[in-house]
Amino acid sequence: MSIQVNNITKLYGKQKALNEVSFEVAKGEIIGFLGPNGAGKSTMMKIITCFIPPSTGSVSVCGYDVNEQSIEVRRCVGYLPENNPLYLDMYVKEYLEFIAGIHSLGKMTKPRIHEMIEITGLQLEQHKKIGALSKGYRQRVGLAQALIHDPKVLILDEPTTGLDPNQLAEIRELIRKVGKEKTVMLSTHIMQEVKAVCDRVIIINKGNIVANDTTETLQNTRTKQQVVKVEFDKQVSKQKLTSIAGIDTVEEITPTQWKLISFNEADIRPTIFQFAVANQLAVLTLQKEEQSLEDVFKQLTQ
């Protein structure tokens with residue numbers, strides 16, 4: 001395994017940020033690490049990257065223990081923190097040379113800088129000061145510094161926050177490209193990003209892991225309700241719809257269009273159709289809504 005987390009607890013005074021958290025990330029996986037603000041995501045990432053120690057438990061990265069072999073772990077990990085701390089007065093190429101020096105790349109410095117500029121699309125920006133760049137290009141610089149020493153594991157803490165739709169698409173494509181060769185752990189609040197990029201999802205809430213599975217499995221197994229949208233050819237009263245067996249909630253869209261919600265496991269569509277026939281109504285549309293990843297996230301973290 002590229003990352004192994006075993007029973008990690010982290011205390012800040014009396015506050016427990018992480019509570020016996022355990023999970024594994026295999027080589028070549030792109031993992032979405034999700035949770036509401038204050039759930040413990042950034043704390044877990046800082047432990048994996050050796051920025052802070054755990055209170056109890058153990059973490060290994062590429063077989064190295066974060067407490068006992070932190071230098072080896074840092075060589076294996078590329079890290080883009082949430083606030084992307086950059087030296088704004090430095091030029092892009094100058095900054096990457098500085099980072100390459102920290103990693104002691106020696107003769108590999110120039111070819112690696114050239115490769116990173118190509119991969120991250122910084123060709124036209126490489127001679128500009130970082131402070132003059134847009135947020136999207138600053139994120140690219142942050143990714144370039146995280147990748148320059150060719151790490152086996154990439155930890156990205158909300159790398160697309162504040163980007164416009166075009167920048168989002170570009171950074172996601174870059175993450176997908178990098179993820180073909182490396183293990184990637186990605187923290188984000190954007191569910192579309194998770195579905196577009198990640199192989200698996202880990203959801204954390206109040207310091208506890210509450211889900212660890214693929215997006216498809218989570219959406220299919222966490223359904224607690226059926227939502228059906230129906231359109232009739234004539235107006236119908238809310239009172240009549242509420243009387244349908246198995247319907248728990250009725251929401252009006254228009255006088256002829258309704259959203260019907262049921263917590264019954266049995267499919268309610270045949271019952272709705274029978275209701276229409278009994279009341280001399282024609283069903284124009286009858287659509288069962290699929291549960292979204294946002295719905296699952298809300299159910300698990302509320």
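Positions are given from 1, in the same order as the sequence printed here.
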Measuring only between side-chain heavy atoms, which start at C-beta, is Asn205 closer than 4.5 Å to Ile203? no
What's the verdict on side chain to side chain contact (heavy atoms under 4.5 Å, CB included) for Val236 and Leu241, showing C-alpha distance, side-chain angles and the deciding distance? CA-CA 8 Å; Val236 60; Leu241 291 169; 3.9 Å; yes
Donor-acceptor pair, distance only, cut-off 3.5 Å: does the side chain of Thr109 make one with the backbone of Ala100? no
Check whether any side-chain heavy atom of Ile113 sits under 4.5 Å from a side-chain heavy atom of Ile148, and report yes or no. yes
Answer yes or no: is there a donor N or O on one side and an acceptor on the other, between the side chain of Asn84 and the main chain of Arg138, under 3.5 Å? yes
Heavy-atom count check: over 12 atoms from other residues, nucleotides or ligands less than 6.0 Å from Lys298 NZ? no
What heavy-atom pair brings Gln126 and Ile117 nearest, and what distance separates the two atoms? OE1-CD1, 3.5 Å
Just by distance, do the side chain of Arg74 and the backbone of Cys50 share a donor-acceptor pair under 3.5 Å? yes
Taking the side chain as C-beta and beyond, is there a heavy-atom pair between Ile190 and Arg172 under 4.5 Å? yes
Answer yes or no: are there more than 12 heavy-atom neighbours, outside Glu181 itself, under 6.0 Å from its atom CD? no
Any side-chain heavy-atom pair from Thr183 and Lys152 closer than 4.5 angstrom? no
All side-chain contact (heavy atoms from CB on, under 4.5 Å) counterparts of Ala146, not counting sequence neighbours: Leu154
Considering all heavy atoms, the nearest Val194-Thr188 contact: CG2-CG2, 3.6 Å
Do Lys16 and Thr9 pass the side chain to side chain contact (heavy atoms under 4.5 Å, CB included) test, and can you show the C-alpha distance, the side-chain angles, and the key distance before you say yes or no? CA-CA 7 Å; Lys16 188 177 285 188; Thr9 295; 4.3 Å; yes
All side-chain contact (heavy atoms from CB on, under 4.5 Å) counterparts of Glu294, not counting sequence neighbours: Met191, Gln192, Ser292
Smallest heavy-atom separation, Thr256 atom then Gln235 atom, equals CG2-N, 3.7 Å
If a pair satisfies ring pair (Phe, Tyr, Trp, His ring centres under 6.0 Å) and one of its residues is in residues 274-302, list it, with sequence neighbours excluded. none
Taking Gln145 for its side chain and Gly142 for its backbone only, find out whether a donor-acceptor pair lies under 3.5 Å. yes
Distance (rounded to the nearest 0.5 Å) between Glu231 CD and Ile253 CD1: 9.0 Å
I'd like to know if the side chain of Glu118 and the backbone of His114 have a donor-acceptor N/O pair within less than 3.5 Å. no
Steps toward side chain to side chain contact (heavy atoms under 4.5 Å, CB included) verdict (Leu286, Val228): CA-CA 7 Å; Leu286 185 65; Val228 174; 3.5 Å; yes
Side-chain contact test, heavy atoms from C-beta onward, threshold under 4.5 Å: evaluate it for Phe232 versus Leu284 and give yes or no. no
Can you list every pair that meets ring pair (Phe, Tyr, Trp, His ring centres under 6.0 Å) and has a residue in residues 131-175, with sequence neighbours left out? His103-His149
Exercise: identify the closest heavy-atom pair between Ile204 and Leu18: CD1-CD2, 3.6 Å
Heavy-atom neighbours of Leu124 CG exceed 12 at 6.0 Å: no
Decide yes or no on side chain to side chain contact (heavy atoms under 4.5 Å, CB included) for Lys41 and His189, but give the supporting numbers first. CA-CA 11 Å; Lys41 302 187 301 297; His189 284 110; 3.8 Å; yes
Inter- and intrachain pairs under ring pair (Phe, Tyr, Trp, His ring centres under 6.0 Å), touching residues 53-80, at least two apart: Phe51-Tyr79
Where Lys238 and Val250 come nearest, the two heavy atoms and their spacing: CE-O, 3.2 Å
Which atom pairs, one a donor and one an acceptor, fall under 3.5 Å between side chains of residues 20-30 and the rest of the protein, sequence neighbours left out?
{"unit_1": "Ser22", "atom_1": "OG", "unit_2": "Asn7", "atom_2": "N", "d": "2.7"}
{"unit_1": "Ser22", "atom_1": "OG", "unit_2": "Asn7", "atom_2": "OD1", "d": "3.3"}
{"unit_1": "Glu24", "atom_1": "OE2", "unit_2": "Gln4", "atom_2": "NE2", "d": "3.1"}
{"unit_1": "Glu29", "atom_1": "OE1", "unit_2": "Ala26", "atom_2": "N", "d": "2.9"}
{"unit_1": "Glu29", "atom_1": "OE1", "unit_2": "Arg200", "atom_2": "NH2", "d": "2.9"}
{"unit_1": "Glu29", "atom_1": "OE2", "unit_2": "Arg200", "atom_2": "NE", "d": "3.0"}

Of all residues at least two apart in sequence or in a different chain, which pass the side-chain contact (heavy atoms from CB on, under 4.5 Å) check with Glu252? Pro255, Trp258
Between CG on residue Asn212 and OG1 on residue Thr217, distance to nearest 0.5 Å: 11.0 Å
Could you tell me whether the side chain of Asp233 and the main chain of Ala282 form a donor-acceptor pair under 3.5 Å? yes
List the residues meeting salt bridge (charged side-chain N to carboxylate O under 4.0 Å, His left out) with Lys182, not counting sequence neighbours, and say none if there are none. Asp150
With distance as the sole test, does Arg112 use its side chain to make a donor-acceptor pair with the main-chain N or O of Leu96 at under 3.5 Å? no
As an exercise, state the distance from CD1 of Ile209 to CD1 of Ile8, rounded to the nearest 0.5 Å. 11.5 Å
Can you list, pair by pair, the side-chain donor-acceptor contacts under 3.5 Å of residues 266-274, counting residues two or more places apart and other chains?
{"unit_1": "Asp267", "atom_1": "OD1", "unit_2": "Arg269", "atom_2": "N", "d": "3.0"}
{"unit_1": "Asp267", "atom_1": "OD1", "unit_2": "Arg269", "atom_2": "NE", "d": "3.1"}
{"unit_1": "Asp267", "atom_1": "OD2", "unit_2": "Arg269", "atom_2": "NE", "d": "3.2"}
{"unit_1": "Asp267", "atom_1": "OD2", "unit_2": "Arg269", "atom_2": "NH2", "d": "2.7"}

Qualifying residues under side-chain contact (heavy atoms from CB on, under 4.5 Å), relative to Ser42, sequence neighbours excluded: Glu82, Asp157
Do Ile261 and Asp248 come close enough that some side-chain heavy atom pair is under 4.5 Å? no
Side-chain (Glu289) to main-chain (Lys229) donor-acceptor, under 3.5 angstrom: no
Scanning both residues in full, the closest heavy-atom pair of Ala211 with Leu218 reads CB-CD2, 3.8 Å
Should Ile171 and Leu143 count as side-chain neighbours, where that means a heavy-atom distance under 4.5 Å? yes
Given His127, Lys128, Lys129, the one that forms side-chain contact (heavy atoms from CB on, under 4.5 Å) with Glu125: Lys128
Taking atom CD as the centre, does Gln123 end up with more than 12 heavy-atom neighbours from other residues, nucleotides or ligands that are less than 6.0 angstrom away? yes
Is there side-chain contact between Val227 and Lys259, with at least one heavy-atom pair below 4.5 Å? yes
Please set out all donor-acceptor pairs under 3.5 angstrom arising from side-chain atoms of residues 52-63, sequence neighbours excluded.
{"unit_1": "Ser55", "atom_1": "OG", "unit_2": "Leu11", "atom_2": "N", "d": "2.8"}

Nearest-0.5 Å distance that lies between atom CD in Glu94 and atom CG in Asp89: 9.5 Å
One should read off an interatomic distance between Ile99 CD1 and Leu147 CG, to the nearest 0.5 angstrom, of 12.0 Å
According to the side-chain hydrogen bond (donor to acceptor under 3.5 Å, both in side chains) rule, which pairs have a member within residues 276-287, sequence neighbours left out? Lys240-Asn279
Heavy-atom donor-acceptor pair, Arg176 side chain to Ala196 backbone, under 3.5 Å: yes
